[in-house]
Amino acid sequence: MVRSTWRIGLHAVTAALAGLTTLAAVQVPAAAAPTTLRGLADARGVYFGTSSTVNEWNDAPYRSLAERETNMITVGNEMKWDATEPSPGRFDFGPADSLVAAAKAAGQRLRGHTLVWHNQTPGWVQELGTAELRQAMQNHIRTEVAHYRGQLYAWDVVNEAFEENGTLRQSFWQQKLGDGYIAEAFRAARAADPGAKLYYNDYNIEGIAAKSDGVYNLVRTLKQQGVPIDGVGMQAHLILGAVPDSMRQNIQRFVDLGVEVAITELDIRMPLPAEATKLAGQAADYTKVAQACLGVTGCVGITTWALSDKHSWVPSVFPGEGAALPFDENFRPKPAYNALWRAYGGTGGTRTCVATYAVIGQWWGGFQAEVRVTAGAAPITGWTVNWAFAEGQAITSSWNAAFATNGAAITARSLSYNGSLGSGGSTTFGFTGSWTAANSVPAVSCAA
Ligand code: G2I
């Protein structure tokens, strides 16, 4: 909000000044260079996002990382059918609502995920006969999309409806409702929220191959029939060393059909353990994906499926594989992060450090917090972490940093023994404090 007001203001000032030829030199303050992927994405008019579940969001360091680095959140599980309509007509939007409210409070946009899928759909839906299933689908879409009307950037309306050979997946949807269920779902979603972008979303459609040909033909047909589809989500659950060479060309052909494209669930897994060579290869793969998207006007953003390896779905589904995300389990940026940083237009190497703040203990009137500082790609020789205590918290004792307080503003600086960090290295400092009404985790920034 503040940003766009400033932009409008600046345009107005610039326009006004254009007429004043007597003013020789006008000093317009230079915008500070972005220090996060979120800032870079904002400056470029695209997004960088992550998925988040309620559990992940409650992991304070994860949340502060996501708030700092991303301007788009995909709700990880809480908008799926098993969460929102566990029994017929009984809707529960509580968990999803809490994520929506939190993301909006952090100034992030949201992608809704997902309405019609063969997974995470309750048994009662799968057991319905044709007429009842059609009615249940319509009712589910109508109710859920209307609940979030005006609040979401986009919806993944239909998810993973294709087989690898490019034919429609023989799901219970397809078998009972026939091919037309996809068009019906998009129409129902548009009627319930005319403002949300409506996406078809799938995996293994990043390169040109039988499956993406199938999706391409579907989208072309839907467009010809006037079915309201606005976007194609390429999930991009990829494998180290196997980013398709045709990815950019594939994105372009979809854009040429008149839809936008997004990378919606990016991760690039590798055999564990992760070591330097694999991490460097993964960074090259992240570069390839990001350039394929950002090189095409109409590819609007990239979302990773979680942000840190701590919360990845990969190890539980592919035993022995993992390390698929841009931050490691301790929230330290990996070479893949630096690759994204450069692909989004970051210059001068990566920003120099990140800090994550966690409340590690809380009792009536008091709490203990720990802040972790992590260097970026280049070594650093000193750091400063800033935040504001908006709820009246006060520091009572501290360790491993020099604190300065100015009203609500807190500054913590490195000491002689913990300012120097190697590339990706980290250290922690902490404090105990007092609180009264509330003790939320503040947004922290780090400079080196
Ligand atoms: O499988 C990765 C993604 C592929 N594309 C669609 C996405 O929606 C999908 O996400 C994953 C979630 O990240 C997992 O968290 O979808 C899985 C289910 O298909 C999710 O896993 C499920 C577990 O299987 C359940 O046991 C668990 O109860 O998460 C549930 C909620 O934590």
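Computed from a predicted structure; not experimentally measured. When a ligand or atom number is given, it counts from 1 through the structure's own listing order.
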Between the side chains of N159 and Q235, is a donor N or O closer than 3.5 angstrom to an acceptor N or O? yes

Right, does atom 21 (O) of ligand 1 have protein non-hydrogen atoms nearer than 4.0 Å? no

Just checking, is any N or O donor in the side chain of S426 or R372 under 3.5 Å from an acceptor N or O on the other one? yes

Return each pair, listed once, that meets side chain to side chain donor-acceptor pair (under 3.5 Å) where at least one residue sits in residues 360-371; pairs must be two or more places apart or across chains. Q362-N439

Give the residue, atom name and distance (to 0.1 Å) of the protein heavy atom nearest atom 13 (O) of ligand 1. W305 NE1, 2.9 Å

To which protein heavy atom is atom 7 (C) of ligand 1 closest, and what is the distance rounded to 0.1 Å? H113 NE2, 3.4 Å

For residues N55 and H311, is any side-chain donor paired with an opposing acceptor at under 3.5 Å? no

Looking only at non-hydrogen atoms, which of D202, V75, N77 approaches atom 14 (C) of ligand 1 most closely? N77

At under 4.0 Å between heavy atoms, is it the side chain or the backbone of Y203 that contacts ligand 1, or both, or neither? neither

Measure from atom 24 (O) of ligand 1 to the protein's non-hydrogen atoms and state whether any distance is below 4.0 Å. no

I'd like to check whether N159 has a polar contact with ligand 1, where a contact means an N/O of the residue lying under 3.5 Å from an N/O of the ligand. no

With a 4.0 Å cut-off, would you call D213 and R253 a salt bridge? yes

Does the protein come close to atom 28 (O) of ligand 1 - that is, does one of its heavy atoms sit below 4.0 Å from that atom? no

F93/H147 aromatic ring centres below 6.0 Å: yes

Can you pull out every ring-ring contact (aromatic ring centres under 6.0 Å, His included) where at least one residue sits in residues 96-119? Sequence neighbours excluded, please. H113-W305

Any donor-acceptor pair under 3.5 Å linking the side-chain atoms of E160 with those of N201? no

Any idea which of E160, H118, K80 brings a heavy atom closest to atom 8 (O) of ligand 1? K80

For atom 18 (C) of ligand 1, the protein heavy atom that lies nearest, with its residue and separation: Q120 OE1, 3.0 Å

Minimum-distance protein heavy atom relative to atom 4 (C) of ligand 1: E265 OE1, 3.2 Å

